[in-house]
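For reference, the structure discussed in these notes is given below.
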Amino acid sequence: MTFWILIRRWTKVWAVSGAVGTVLLLWSCSPGGTTLVETEVAGSSELLPGEKTDVGKIEFVVEHPGVKHKLQVWPKEADDAAVAQRNFGVVSFVLTVTDAAGKQIHFENVVAQNGKVAESFFTPAQAGPHTLEVSTTTRSIPKIHVLVSDPKRRTGKG
């Protein structure tokens, strides 16, 4: 009888430690805590030949100056309910980041291949408000999905 009680206790301890380990693993792998802003801006679907592309302006606050931040952009279907994203081919984006004084701190042209994510990195010198301007030079892109993340941000509170 004592043998069965020990086995049951060991099983409970093993199950609890396994559940805790799983939760900690999922929490540490989740990028959600590092996100400063995630949004969508207009793409280039409604442009007529000769018209300039709209520039999406996104305001965000830098919490950790001197830390390399990640910018991710990718083309997105106009219908958010669409399950399958079509292959947009090669899509180019123009990214510009300015600080609170309006000084440009980052400029880059990036390319997303076959509906994948285009990445860029910048290291802000100051904390505070910043502006990201995003546009695409590729026609027929309904929306641009944008994600700005800070690897030092962990809780959503900075």
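Remark: Lys70 is not positioned above the aromatic ring of Phe121, lacking an NZ or CZ atom under 6.0 angstrom from the ring centre and at most 45 degrees off the axis.
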Quiz item: Does the pair Val94 and Val110 meet the rule for a side chain to side chain contact (heavy atoms under 4.5 Å, CB included), with working shown?
Solution: CA-CA 6 Å; Val94 178; Val110 294; over 6 Å; no
Practice problem: Please step through side chain to side chain contact (heavy atoms under 4.5 Å, CB included) for the pair Phe60 and Val97, ending with a clear verdict. | Solution: CA-CA 10 Å; Phe60 65 98; Val97 179; 4.2 Å; yes
Exercise. Go through Val117 and Val73 one step at a time and tell me if the side chain to side chain contact (heavy atoms under 4.5 Å, CB included) criterion holds.
Key: CA-CA 6 Å; Val117 175; Val73 292; over 6 Å; no
Quiz item: Does the pair Asp150 and Val62 meet the rule for a side chain to side chain contact (heavy atoms under 4.5 Å, CB included), with working shown?
Solution: CA-CA 8 Å; Asp150 169 357; Val62 169; 5.9 Å; no
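Here the side chains of Phe107 and Leu95 are not in contact, with every heavy-atom distance at 4.5 Å or above. Under the 4.5 Å side-chain criterion, counting only non-hydrogen atoms from C-beta, Ile144 is in contact with Phe93. Within the 4.5 Å cutoff, the side chain of Lys76 has no heavy atoms near those of the Pro142 side chain. At a threshold of 4.5 Å between non-hydrogen side-chain atoms, the residues Val41 and Ile58 count as touching. Contact check for His145 versus Glu38: side-chain heavy atoms found under the 4.5 Å cut-off. Side-chain contact check for Thr96 versus Leu132: every heavy-atom pair is 4.5 Å or farther apart.
Closest non-hydrogen pair, Val91 versus Pro75, comes out as CG2-CG, 4.0 Å. For the residue pair Ala125 and Pro65, the shortest heavy atom distance occurs at O-CB, 3.5 Å. Nearest approach of Lys68 to Pro151, heavy atoms of both residues: O-CD, 3.2 Å.
A donor-acceptor contact under 3.5 angstrom links the side chains of Glu59 and Thr131, judged on distance only. Using modelled atom types and a 3.5 Å distance limit, the side chains of Thr123 and His69 yield no donor-acceptor pair. A donor and an acceptor atom, one from each side chain of His130 and Asp99, are nowhere located under 3.5 Å apart.
With values rounded to the nearest 0.5 angstrom, Ile141 atom CD1 is found 9.0 Å from Ser92 atom OG. Note that the CZ atom of Phe88 and the CG atom of Asn114 stand 11.5 Å from one another [nearest 0.5 Å]. If you take CZ on Phe122 and CD1 on Ile105, they are separated by 5.5 Å, rounding to the nearest 0.5 Å.
Under a hydrophobic clustering in which Ile, Leu, Val, Met, Phe, Trp and Tyr are joined whenever their side-chain heavy atoms come within less than 4.5 Å, directly or via other members, Leu71 and Val37 fall into the same cluster. Val67 and Val61 fall into different hydrophobic clusters, where Ile, Leu, Val, Met, Phe, Trp and Tyr residues are linked whenever their side-chain heavy atoms come under 4.5 Å apart, directly or through other members.
No side-chain donor-acceptor contact under 3.5 Å links Thr98 to the backbone of Lys103.
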